[in-house]
Amino acid sequence: MARARPNAIVPEPAAAATTTSSRGAEHHHQDDQERPAVLTVWRKSLLLSCSGFTVFDASGALAFRVDCYDSARRGLRRRPWRTTDVVLMDVSGTPLLTVRRRSRLTSLGLAPDHWLIFDGDAAAGCRAEHKPKPKPFLSVRRARPALLGAFNGKAPLAYVTPLQASGGEAYVVEGSYGARACAVRDARGDAVAEVRRKERVGDDVFRLVAGPRIGAPLAMALVIALDEMFAAAGSVSARRPSLLRRTWSA
């Protein structure tokens with residue numbers, strides 16, 4: 001008769017063990033994807049004679065960059081209606097998204113700030129032969145003071161609207177960019193991205209939290225648009241010239 005062993009561990013079949021392990025890895029991968037990205041944004045370029053942004057991930061590694069040459073400012077002052085782009089790049093300098101001022105009236109201050117977001121380098125797409133002209137997929141429009149309404153009880157700063165037939169979510173930005181305390185919210189009022197102040201470092205360094213629904217690159221592109229709209233407001237350290245008065249470097 002076989003002896004009973006109540007404390008013995010029965011080995012799991014190999015196939016079942018493999019399945020359990022793969023499911024655990026898949027669940028862990030899903031958890032990583034669902035976690036928000038926490039970025040540190042520094043309103044400074046790492047290149048000499050440039051302005052822009054340097055963005056680090058939660059581990060301190062370089063995540064994104066915006067490098068804008070200062071040399072183009074003099075010519076653009078004489079032609080403020082000239083279209084100039086601000087391009088968000090990855091670590092290697094590959095263009096990810098382009099932020100562009102909407103119209104001449106906006107550049108001259110005769111219309112509300114209105115910005116368009118393109119995939120990749122929109123200017124390079126315009127120069128390419130035998131290719132369709134690039135089209136923006138998002139519009140970011142500054143809210144008019146006279147039209148400030150309630151969105152979950154708070155006045156909006158800007159409206160983010162999808163432009164392409166493929167759709168996408170519309171968002172509203174509320175709070176104060178000058179105080180580094182604002183949120184991007186969906187139609188239900190849920191925050192999909194937030195700009196938060198970092199203590200004891202001033203306004204040039206702040207935290208950007210991007211949820212998986214909006215993603216870190218798009219959240220950073222919205223920060224660029226907000227910076228163009230509201231950099232002249234708020235604290236003294238936030239009063240900087242527009243990055244759109246320069247060109248970008250790769």
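Residues take their numbers from the sequence shown, with the count starting at 1.
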For the residue pair [X] and [Y], establish whether any side-chain heavy-atom pair is separated by less than 4.5 Å.
X: W115; Y: R141; result: no
X: F206; Y: V223; result: yes
X: V140; Y: Y159; result: no
X: L163; Y: F137; result: no
X: V91; Y: M89; result: no
X: L226; Y: C182; result: yes
X: E174; Y: L157; result: no

Donor-acceptor contact below 3.5 Å, side chain R142 vs main chain M229: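 Yes: the side chain of R142 pairs with the backbone of M229.
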
Taking T161's backbone N and O only, do any of them form a donor-acceptor pair with S139's side chain (distance below 3.5 Å, no angle check)?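 Not a single qualifying donor-acceptor pair exists.
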
Looking only at heavy atoms, what is the nearest atom pair of [X] and [Y], with distance?
X: A210; Y: A216; value: CB-CA, 3.8 Å
X: A221; Y: V99; value: O-CG2, 3.8 Å
X: L97; Y: P217; value: CD1-O, 3.5 Å
X: A183; Y: A191; value: CB-CB, 4.5 Å
X: I214; Y: A193; value: CG2-CB, 4.2 Å
X: I117; Y: L222; value: CD1-CD2, 3.8 Å

Which value, rounded to the nearest 0.5 Å, describes the distance between [X] atom [atom1] and [Y] atom [atom2]?
X: S45; Y: R65; atom1: OG; atom2: CZ; value: 7.5 Å
X: D90; Y: F64; atom1: CG; atom2: CZ; value: 8.0 Å
X: L138; Y: L218; atom1: CG; atom2: CG; value: 5.5 Å
X: K135; Y: D119; atom1: NZ; atom2: CG; value: 13.5 Å

I would like to know whether L116 and H114 meet side chain to side chain contact (heavy atoms under 4.5 Å, CB included); could you show each step before the answer? CA-CA 7 Å; L116 301 175; H114 189 186; 4.2 Å; yes

Hey, mind stepping through V38 and R207 against side chain to side chain contact (heavy atoms under 4.5 Å, CB included) and telling me if it holds? CA-CA 7 Å; V38 180; R207 182 173 286 111; 3.6 Å; yes

Can T98 and D85 be counted as having a side-chain donor-acceptor contact under 3.5 angstrom?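 Per modelled atom types, T98 and D85 side chains form no pair under 3.5 Å.
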
Co-membership, hydrophobic cluster, residues [X] and [Y], 4.5 Å side-chain:
X: L208; Y: L62; value: no
X: F230; Y: F53; value: yes
X: W42; Y: L39; value: no

Could you go step by step and tell me if V160 and V173 meet the side chain to side chain contact (heavy atoms under 4.5 Å, CB included) rule? CA-CA 8 Å; V160 184; V173 185; 4.2 Å; yes

Charged N to carboxylate O below 4.0 Å: is that the case for D227 and R43?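 Answer for the salt bridge query: yes.
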
Evaluation steps, side chain to side chain contact (heavy atoms under 4.5 Å, CB included), between T40 and V55: CA-CA 6 Å; T40 297; V55 185; over 6 Å; no

